[in-house]
Colleague: 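Take a look at this one; I'll ask things after.
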Amino acid sequence: MKIVLIGYMSSGKSTIGKHLADKLFLPFIDLDIYIEKKEKKSVSDIFKNKGEIYFRLIEHKYLKEILISDQKVVLSLGGGTPCYADNMNLINTANTISFYLQTSIKELVDRLTKEKDDRPLIASLEDNKISEFVAKHLFERRVFYEKANFIIKTEGKSKSEIIKELNVSLQ
Ligand code: S3P
């Protein structure tokens, strides 16, 4: 069985995923890092040199590769993964439990403004445009995110509170 964490960029998928995996003594896979290792290039470089369509193709390919293996694992996806190539149905029909880490737009914008250089989709936006971009983008994406088995609201909660909630849903 795989525990899959879904959510917008900067929603805490990787941090929470790593901690949850440690707590459950399971291996942890961050899909972006998996892609970077396989392609020997950063996600930013893949976007820059080969474009987003190519990125979505390999993202789908590597997601399938991970889902097909019978490894028990905690898997954090990229923010866009559930929204392309029927990935969300693929996730839900594999042997998985999926969680959407739901974060407020304000919290996402605050974090993304500080971290935007690592995120090719927003790297070229001026700071005062990030809020509008995130609001629209999240509106388009939430239908996919909401297909997760559980929705965990993370606003104002500590890492350990979030992990406790995930654990309760896993019982
Ligand atoms: C993306 C999110 C990124 C990464 C890529 C595209 C997206 O992952 O996969 O830059 O479309 O939201 P994080 O959510 O880990 O930042």
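Note that ligands are numbered from 1 as they come in the structure, with each ligand's atoms numbered from 1 the same way. All heavy atoms count here, side chains included; hydrogens, waters and symmetry mates do not.
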Colleague: For ligand 1, which atoms have a heavy atom of Val43 less than 4.0 angstrom away?
Modeller: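 The atoms of ligand 1 under 4.0 Å from a heavy atom of Val43 are 5 (C), 10 (O).
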Colleague: Using a 4.0 Å cut-off to any heavy atom of Phe55, which atoms of ligand 1 qualify?
Modeller: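 What qualifies from ligand 1 is 9 (O).
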Colleague: Pairs of nitrogen or oxygen atoms closer than 3.5 Å, one from Gly80 and one from ligand 1: do any exist?
Modeller: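 Checking ligand 1 against Gly80, an N or O pair does fall under 3.5 Å apart.
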Colleague: Before accepting this row, confirm whether a basic side-chain N of the pair Asp127/Lys116 lies closer than 4.0 Å to the acidic partner's carboxylate O.
Modeller: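 Counted as a salt bridge, because a side-chain N and a carboxylate O are separated by less than 4.0 Å.
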Colleague: Based purely on interatomic distance, does Tyr8 place a nitrogen or oxygen under 3.5 Å from a nitrogen or oxygen of ligand 1?
Modeller: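 Checking ligand 1 against Tyr8, no N or O pair falls under 3.5 Å apart.
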Colleague: Mind listing the closest non-hydrogen atom pair of Arg119 and Ser10 along with its distance?
Modeller: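 Shortest heavy-atom separation between Arg119 and Ser10 comes out as NH2-N, 3.8 Å.
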Colleague: So that I know where these two stand, are His137 and Tyr8 an aromatic pair - ring centroids less than 6.0 Å apart?
Modeller: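 Ring-ring flag for His137/Tyr8: true, centres closer than 6.0 Å.
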Colleague: List ligand 1 atoms under 4.0 Å from Arg56, heavy atoms only on the residue side.
Modeller: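 Numbered from 1, ligand 1 contributes 6 (C), 7 (C), 11 (O).
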Colleague: May I ask you to check if ligand 1 and Ser10 share an N or O to N or O distance below 3.5 Å?
Modeller: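 In this structure, Ser10 places no N or O atom under 3.5 Å from an N or O of ligand 1.
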Colleague: Is Lys114 paired with Asp110 through a side-chain N to carboxylate O contact shorter than 4.0 Å?
Modeller: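 So Asp110 does not pair with Lys114 through a salt bridge.
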Colleague: Can you tell me which portion of Leu121 lies within the under-4.0 Å heavy-atom range of ligand 1? Options are side chain, backbone, both, or neither.
Modeller: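 Near ligand 1, Leu121 shows its side chain, while the N, CA, C and O stay back.
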Colleague: Would you say CG of Asn49 has more than 12 non-hydrogen atoms from neighbouring residues, nucleotides or ligands within 6.0 angstrom?
Modeller: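 Yes.
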Colleague: Only heavy atoms of Pro120, strictly under 4.0 Å: list the atoms of ligand 1 that pass.
Modeller: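 Matching atoms, with element in brackets: 10 (O).
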Colleague: Taking Glu165 first and then Lys153, would you say they form a salt bridge - that is, a charged N and a carboxylate O separated by under 4.0 Å?
Modeller: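 No salt bridge links Glu165 with Lys153.
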Colleague: I'd like to know if Glu65 and Lys38 make a salt bridge, using a cut-off of under 4.0 Å between side-chain N and carboxylate O.
Modeller: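 Judged by the 4.0 Å cut-off on N to carboxylate O distance, Glu65 and Lys38 do form a salt bridge.
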Colleague: Does the distance from a Lys or Arg side-chain N to an Asp or Glu carboxylate O, for Lys129 and Glu126, drop under 4.0 Å?
Modeller: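 Looking at Glu126 together with Lys129, the answer is no, because their closest N to O distance does not fall below 4.0 Å.
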Colleague: Taking a cutoff of less than 4.0 Å between a non-hydrogen atom of the residue and any ligand atom, is Lys13 in contact with ligand 1?
Modeller: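 The answer is yes: ligand 1 sits under 4.0 Å from a heavy atom of Lys13.
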Colleague: Below the 3.5 angstrom mark, is there an N/O of Arg141, backbone or side chain, next to an N/O of ligand 1?
Modeller: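 Between Arg141 and ligand 1, an N or O pair is found under 3.5 Å apart.
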Colleague: Between Glu132 and Lys136, does any NZ, NE, NH1 or NH2 come within less than 4.0 Å of an OD or OE carboxylate oxygen?
Modeller: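 Yes, this pair counts.
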Colleague: N/O of Gly79 under 3.5 Å from N/O of ligand 1, yes or no?
Modeller: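 For ligand 1, there is an N or O atom that lies under 3.5 Å from one belonging to Gly79.
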Colleague: Should you measure from each heavy atom of Gly78, which atoms of ligand 1 turn up under 4.0 Å away?
Modeller: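 That gives atoms 8 (O), 9 (O), 14 (O) of ligand 1.
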Colleague: For atom 9 (O) of ligand 1, what's the nearest protein heavy-atom neighbour? Residue, atom name and distance, please.
Modeller: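 Answer for atom 9 (O) of ligand 1: Asp32 OD1, 2.7 Å.
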Colleague: What are the atoms of ligand 1, with element, lying closer than 4.0 Å to any heavy atom of Arg119?
Modeller: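 That gives atoms 16 (O) of ligand 1.
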